Amino acid sequence: MTMLLSAHSEALHAARTSGEYAAVISALDTDLNAAITRKAELEKAEDKAIFGDGNLAEVRASIADCNSEIELIEKAIEGADLRRAKAAQDEAAVDIEALGKDAAAKADDLSKRWKKVYGLIEQARAELFECDALRRSLIGTDGEFDKARRPDLRINLTTLRREAMAGPRASVPARLSRPAIQADTLLLSFLSLGGPLDNRAGIRAQTNGVTSNADYRHQQASD
């Protein structure tokens, strides 16, 4: 019996993780089930020995040894399970710390990306202001061409914008939040036909919310 537990004791002493403790407990459970089965067989032998079929003293001594073995194994399992629970708790704490570090790293990356988005939006706004100034200048130039009866020199601003904005677009991720979808739809509207930047009469209704430069500046200030 002592030799039976010695291998498990060595494994239990060497165990560090909850998985290793669980493996030791599984091995001890196997031995416990074997001891319980052996005890049941000895109890049958005891019944026979009482009626003269066998050595009653030897059978009872074997039952006593078996009971001691079962008790010892159960105590070993109990101790191993306590250590397994403690190891699992420690591992969970380590996992939480690792998760916290991962979250902090992602938050730092997210902050940098939001700053980049902010910079790109401000850059886009500045470019739009310049585009608007150039567009208004070209509209005036087209008027001069009309007066000079040189329509061949006119610039088609709608075609110009569409050709400049043609090209590949970023693929949409398989999973995207509702706010991100709304923002992406808004951004794509600036590139799509019929969008806010498409110089066609049909889309003027989309800009009714801003009737003048003064109103626009007032709206931006109030925001």
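Owing to the predicted nature of the structure, the values given are computational and were not obtained by experimental measurement.
- Side-chain atoms of Asp53 never come within 3.5 Å of backbone atoms of Ala49 as a donor-acceptor pair (strictly under, hydrogens ignored).
- Leu160 and Leu153 are not part of a single hydrophobic cluster, where members link through side-chain heavy atoms under 4.5 Å apart.
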Output side-chain donor-acceptor pairs under 3.5 Å for residues 18-28, partner residues at least two apart or in another chain, one line each.
unit_1	atom_1	unit_2	atom_2	d
Ser18	OG	Glu91	OE1	2.7
Glu20	OE1	Arg16	N	2.6
Glu20	OE1	Thr17	N	3.1
Tyr21	OH	Ala15	O	3.2

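- Ion pairing of Glu122 with Arg125 is present here, as a side-chain N (NZ or NE/NH1/NH2) and a carboxylate O approach within less than 4.0 Å.
- In this structure, the side chain of Ser111 does not engage the main chain of Ala107 through any donor-acceptor pair within 3.5 Å.
- In this structure, Ile155 and Leu157 have side chains that are in contact, with non-hydrogen atoms separated by less than 4.5 Å.
- Hydrophobic clustering of Ile, Leu, Val, Met, Phe, Trp and Tyr side chains at less than 4.5 Å, counting indirect connections, keeps Val94 apart from Leu99.
- For Glu43, the CD atom sits in a packed shell: over 12 heavy atoms of surrounding residues, nucleotides or ligands are nearer than 6.0 Å.
- With rounding to the nearest 0.5 Å, the separation of CG in Asp109 from CH2 in Trp114 is 12.0 Å.
- Separation of atoms CD (Gln123) and CG (Leu128) is listed at 11.0 Å; rounding is to 0.5 Å.
- When atom types are taken as modelled, the side chain of Ser137 and the backbone of Ala133 share no donor-acceptor pair closer than 3.5 angstrom.
- Taking CD1 from Ile181 and CG from Leu186, the interatomic distance works out to 14.0 Å, rounded to the nearest 0.5 Å.
- Interatomic distance, CD1 of Ile77 versus CG of Leu72, reported as 10.0 Å (0.5 Å rounding).
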task = Apply side-chain contact (heavy atoms from CB on, under 4.5 Å) to Lys112 and Asp108, showing your working.
result = CA-CA 6 Å; Lys112 291 177 180 178; Asp108 182 62; 3.3 Å; yes

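- Both Ile121 and Leu110 sit in one connected hydrophobic cluster of ILVMFWY residues. Membership requires side-chain heavy atoms under 4.5 Å apart, directly or through other members.
- With rounding to the nearest 0.5 Å, the separation of CG in Leu42 from NZ in Lys44 is 11.0 Å.
- Remark: Arg84 engages Asp81 in a salt bridge, criterion side-chain N to carboxylate O under 4.0 Å.
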message = Test side-chain contact (heavy atoms from CB on, under 4.5 Å) on Arg162 and Asn156; report intermediate values, then the result.
response = CA-CA 10 Å; Arg162 292 178 185 176; Asn156 189 320; over 6 Å; no

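- Using a 4.5 Å cut-off on side-chain heavy atoms (C-beta onward), Phe190 and Pro196 make contact.
- For the atom pair CG of Leu32 and CD of Glu69, the computed distance is 9.0 Å after rounding to the nearest 0.5 Å.
- Residues Glu71 and Lys75 are paired through a salt bridge, judged by an N-O separation under 4.0 Å between the basic side chain and the carboxylate.
- Counting heavy atoms from C-beta on, the side chains of Leu12 and Arg83 come closer than 4.5 Å.
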For residues 165-179, tabulate all N or O donor-acceptor pairs below 3.5 Å that involve a side-chain atom, not counting sequence neighbours.
unit_1	atom_1	unit_2	atom_2	d
Ser177	OG	Ala180	N	3.4

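- No continuous path of ILVMFWY side-chain contacts below 4.5 Å connects Ile70 to Ile63, so the two sit in separate hydrophobic clusters.
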